[in-house]
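Positions are given from 1, in the same order as the sequence printed here.
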Amino acid sequence: MSSAQRANVIKGLTPGSTLHMDGHVMLYLGSSNEIPYAIHSLGSHYTGGTRHSVMKVVVSDLNLQKSNGNTYLDELTTCVTFR
């Protein structure tokens, strides 16, 4: 899926849904100004190839980058909504 298609799927999720990528799970909190946010434990992320160590539980959008340059949004593999 493209980034736009993934973003559209996430817009349809209810807050409390889980977002999964290899080795990482996030809890979807909802969107603000069309930007989806999640809470998760974050060790590090990258910006322009530079590693930023965080080691905290954070609320973030899904535009954080992994070491391969992909965003968290692009790395999502599964979304689960609980009813």
Side-chain angles (χ1 to χ4, degrees):
M1 285 183 161
S2 70
S3 294
Q5 290 171 318
R6 289 171 186 267
N8 282 332
V9 168
I10 290 170
K11 287 179 187 177
L13 298 175
T14 57
S17 298
T18 56
L19 308 174
H20 302 256
M21 55 192 225
D22 189 31
H24 196 69
V25 177
M26 299 173 276
L27 185 67
Y28 175 62
L29 297 175
S31 294
S32 177
N33 297 321
E34 301 292 319
I35 299 170
Y37 287 91
I39 188 168
H40 53 116
S41 176
L42 184 62
S44 65
H45 67 93
Y46 289 77
T47 304
T50 302
R51 183 175 187 257
H52 303 278
S53 183
V54 180
M55 301 304 287
K56 295 181 181 180
V57 173
V58 300
V59 172
S60 72
D61 62 27
L62 302 177
N63 289 321
L64 295 175
Q65 287 184 330
K66 295 185 56 84
S67 61
N68 63 7
N70 290 342
T71 65
Y72 278 40
L73 177 64
D74 291 329
E75 292 285 317
L76 291 177
T77 58
T78 308
C79 302
V80 178
T81 297
F82 300 91
R83 296 174 194 237

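Counting heavy atoms from C-beta outward, M26 and L62 have side chains that approach closer than 4.5 Å. No side-chain heavy atom of S44 sits under 4.5 Å from any side-chain heavy atom of V54. Within the 4.5 Å cutoff, the side chain of L76 has no heavy atoms near those of the V9 side chain. Between D22 and T77, the closest side-chain pair of non-hydrogen atoms is not below 4.5 Å.
Judged by distance alone, the side chains of D74 and S3 do bring a donor and an acceptor atom under 3.5 Å apart.
Residue L27 is not grouped with residue L42 when hydrophobic side chains (ILVMFWY) are merged at heavy-atom distances under 4.5 angstrom, including chains of intermediate members. L64 and V57 are assigned to two separate hydrophobic clusters, defined by single-linkage of ILVMFWY side chains at heavy-atom distances under 4.5 Å. Residues F82 and V25 do not share a hydrophobic cluster, clusters being chains of Ile/Leu/Val/Met/Phe/Trp/Tyr side chains in contact below 4.5 Å. Follow the hydrophobic side-chain contacts under 4.5 Å out from V58 and you reach M21 in the same cluster. A continuous path of hydrophobic side-chain contacts links L29 to I35 [ILVMFWY only; heavy atoms under 4.5 Å].
Between P36 and S31 the shortest heavy-atom distance is CA-OG, 3.5 Å. Taking each heavy atom of P15 and G30 in turn, the nearest pair found is CG-CA, 4.2 Å. Among all heavy-atom pairs drawn from A7 and L73, the shortest one is N-CD1, 4.1 Å. For Y37 against Y28, the heavy-atom pair with the smallest separation is O-CD1, 3.5 Å.
The CG atom of L19 sits 10.0 Å away from atom OG1 of T78, with the distance rounded to the nearest 0.5 Å. Interatomic distance, Q5 CD to I10 CD1, rounded to the nearest 0.5 Å: 12.5 Å. Once rounded to the nearest 0.5 Å, the distance linking CG of L13 with OG1 of T18 reads 9.0 Å.
For residues 60-71, there are no salt bridge (charged side-chain N to carboxylate O under 4.0 Å, His left out) pairs, not counting sequence neighbours.
Between Y72 and H40, the two ring planes are tilted [angle within 30° to 60°].
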Where do H45 and Q65 land on the side-chain contact (heavy atoms from CB on, under 4.5 Å) test, with the steps shown first? CA-CA 6 Å; H45 67 93; Q65 287 184 330; 5.9 Å; no
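By the neighbour-count criterion of 12 heavy atoms within 6.0 Å, atom CD of E34 is sparsely surrounded, having that number or fewer from other residues, nucleotides or ligands.
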